Every structure is written in structure tokens, then in C-alpha cells.
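Single-structure report; data block below.
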Amino acid sequence: MFANVLKLLTKKRRKMIKKHIITCTVIIALLVMAKVFAYNMPQAAKSLLKEEKVTKNTDTVTPKIEEPVSLMAQLNFAEETLPLGDARVERKMKKVLAAFSHSKLQTSRLHNKAAEWFPVIEPILAAYGIPEDFKYIPLVESGLKAGVSPKGASGIWQFMPGTARSFGLKVNSNVDERNNLRKSTIAAAKYIKELYSIFDNWTLVAAAYNVGDNHMQRQINRQKQDNYFKMKLNRETAGYVYKLISMKQIVEFPVRYGYKTPRALLAYNAEKAANSAEKTANAE
């Protein structure tokens, strides 16, 4: 009987030991799996991050490098551009620009005159709704030359006596208001505004200012063409707008054409930019 009891106890002990062994095995297995999982997680994260970077780099579209805009595409008069791709126009424009370089004109007087005249001219043109580019007319008309023209035009805006009188200027043996900067600019603004009511195109207005509205209108009707750059005009008028654009270039980009901008013009431009910025800030 004792032997049977001992046998039964041994059986129970074996079962308990077996249970403990299974439990320990499961625990050890779980611990091993946890360590493996803990090791693999950062590796997997790194791998995913690499894949994400590769994908982003692959998906990113390389931005197009825009070619610099050609000089001809930048040139304009009163926001009216030159016809691009026209070899004749480009050739002529380059020729006139070259003629306005410092090596040809040999003078910086134009920049001094701009510094003196523009503060008076610009607000008057703006008050009459005239594009600012018309301020270059006095530089072309009388900045490059002085005195009375062979036809009798005189003053900063080179008015003929009859035209000057019709726009309110006194011209007689005692007084010639064509030489008064402010008064002649007001007269010029009135005249330019009247020309625009006829031609409805600023480039044609500039050409008509040079040659006269009647002559310009006859040429438009005869040629059946109202694009200044495609019209056949007398030599002076045919080059007039090109001269205005060239004058604009040497005033705005003097160094490019061999000039040194005088301090007076630099100071004026700086003040103008500051006033413009202040107006913008106030408007906002």
C-alpha cells in the first residue's frame, strides 16, 4: 500500500514539474520574441524613413529654370511694347540705344536735367492722366539741343508759337512762357491729352507730338496702318519713339550705357521710392 501511495505522489510531482517546464518555456519564448520585436522596430522605422525620402525625391519635380528675358522684351513706351520677333525693329532699336551711350553722346548733362525737371513734370503729367514715360520728351526735345529749332519750336517742350498759344502760353516779343518749366508742362499735358483723344494709342500720340496730329492722321489713313513700328514715316518721326525709349533706358540704367548717375538724381529717385512705399503702406 505504501508503494502505491509513493507511486501516486511521484506521478503528481511529474505532472507538476511538466507544467512548470511548459510555463517556463512559454515565458522564455515570449521574452525572446519581445527582444527580437524591440530590436526590429527601430530598424523597420529607419527603413520606412529611407523609403519615404526616396519616394519624395522621386516625386519632386525639378523646377524649370526660366531663361532671362531679352532686353527687347523689357523695352516699352507707356506700357506699349515693341513687336517682338521683328528683325527690322530690333535692329533699329539696338542702333538707337548704341547712339545714346555715353561713348557717343559724351555727356552726363541729361541726368542733371532729369534731376531738375522730373520733380516738376511728373506730378503734372499724373494730374492729367498722362503716362510718366512722356517726361522723357523734354530730354529728347531740348535736353540734347538748345535754343529755337529751324521751324521755330522753342522751350523745354519745343512748342511752335501757334500751338503754345492755343494751349494757354504767352508768346510775344516781351514774354515767352515756352521756357517756363511748370507752365509749358501744363500746356504739354493738355496737348498730349487732346492727341490721345484722337489716336487712342500712346505710341502714336508720341509720334504725333513730333510731327503734328494732321500729318500723322493722313499717314494712318494713307498707309491703312496704325501700328507706329510698322509705319513708313519721315526719318525724324520714324526714330522718335525709339529715342524716347533709349532716353528712358539711359536714365533708369545709366551704368549699363557708360554713365555715372549724379547724386541729385540718385537722391530724387530715393525720395520718390520712399514716397511711393509710404503711399502703399497708407493705402493698406
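Since this is a predicted model, take the numbers as computed values, not measurements.
Tyr136 does not carry Lys248 over the face of its six-membered ring by the limits of under 6.0 Å from the centre and within 45° of the normal.
Here Asp176 contributes atom CG and Ser154 contributes atom OG; the two are 5.0 Å apart, rounded to the nearest 0.5 Å. Put simply, CG on Leu265 and CD on Glu252 are 10.0 Å apart, with the number rounded to the nearest 0.5 Å. A distance of 13.5 Å separates CH2 of Trp157 from CG of Asn180, quoted to the nearest 0.5 Å. Rounded to the nearest 0.5 Å, atoms CG (Asn234) and CD (Gln219) are 8.0 Å apart. Rounding to the nearest 0.5 angstrom, the gap separating the CG atom in Leu97 from the CE atom in Met247 is 11.5 Å. Atom CD of residue Glu132 and atom CD of residue Glu122 lie 4.0 Å apart, to the nearest 0.5 angstrom.
Applying the ring pair (Phe, Tyr, Trp, His ring centres under 6.0 Å) test between Phe229 and each of Phe77, Tyr240, Tyr242 identifies Tyr242 as the sole match. No option in Trp202, Phe118, Tyr128 other than Trp202 meets the ring pair (Phe, Tyr, Trp, His ring centres under 6.0 Å) test with Phe134.
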Discussion item. Could you go through Glu141 and Ile156, starting from their C-alpha distance and side-chain angles, then the distance that decides it, and tell me whether this counts as side-chain contact (heavy atoms from CB on, under 4.5 Å)?
Written reply: CA-CA 7 Å; Glu141 290 286 354; Ile156 296 148; over 6 Å; no

Discussion item. Could you go through Gln249 and Phe100, starting from their C-alpha distance and side-chain angles, then the distance that decides it, and tell me whether this counts as side-chain contact (heavy atoms from CB on, under 4.5 Å)?
Written reply: CA-CA 9 Å; Gln249 282 292 298; Phe100 272 65; over 6 Å; no

Worksheet item: Where do Asn210 and Val241 land on the side-chain contact (heavy atoms from CB on, under 4.5 Å) test, with the steps shown first?
Response: CA-CA 9 Å; Asn210 174 255; Val241 175; over 6 Å; no

Discussion item. Is there a side-chain contact (heavy atoms from CB on, under 4.5 Å) between Leu195 and Leu204? Walk through the geometry before answering.
Written reply: CA-CA 9 Å; Leu195 289 174; Leu204 289 176; over 6 Å; no

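For Tyr209 and Tyr191, the ring centers are positioned less than 6.0 Å apart. Less than 6.0 angstrom separates the ring centroid of Tyr259 from the ring centroid of His111.
A continuous path of hydrophobic side-chain contacts links Val120 to Ile130 [ILVMFWY only; heavy atoms under 4.5 Å].
The closest side-chain donor-acceptor pair between Tyr268 and Glu116, if any, does not fall under 3.5 angstrom. Under 3.5 Å, the side chains of Asn76 and Thr81 contain no donor-acceptor pair of N or O atoms. Between the side chains of Thr203 and Glu80, a donor-acceptor pair is found at a separation under 3.5 Å.
Side chain of Thr237 to backbone of Leu233: no donor-acceptor contact under 3.5 angstrom is found. Counting only distance, with no hydrogens or angles, the side chain of Arg178 and the backbone of Ala153 share no donor-acceptor pair below 3.5 Å. Looking only at distances, a side-chain donor or acceptor of Thr185 sits under 3.5 Å from a matching main-chain atom of Leu181. In this structure, Gln217 contributes its side chain and Asn214 its backbone to no donor-acceptor pair below 3.5 Å. Side chain of Gln223 to main chain of Gln225: no donor-acceptor pair is present (N/O by atom type, distance under 3.5 Å, no hydrogens or angles). A donor-acceptor pair is defined here as one N or O able to donate and one able to accept, closer than 3.5 Å; such a pair exists between the side chain of Arg165 and the backbone of Val171. Tyr228 places a side-chain N or O within donor-acceptor distance of the main-chain N or O of Ala238, the cut-off being under 3.5 Å.
In Arg235, the CZ atom is not crowded: 12 or fewer heavy atoms of neighbouring residues, nucleotides or ligands sit closer than 6.0 Å. Counting heavy atoms of neighbouring residues, nucleotides and ligands inside a 6.0 Å radius, atom CZ of Arg256 exceeds 12 of them. Annotation for Lys272: atom NZ counts as buried by contact number, over 12 foreign heavy atoms lying within 6.0 Å.
Ala99 and Lys104 get closest at one heavy-atom pair: O-CB, 3.3 Å.
Pairs of residues two or more places apart, or lying in two chains, never qualify as salt bridge (charged side-chain N to carboxylate O under 4.0 Å, His left out) while including a residue from residues 212-231.
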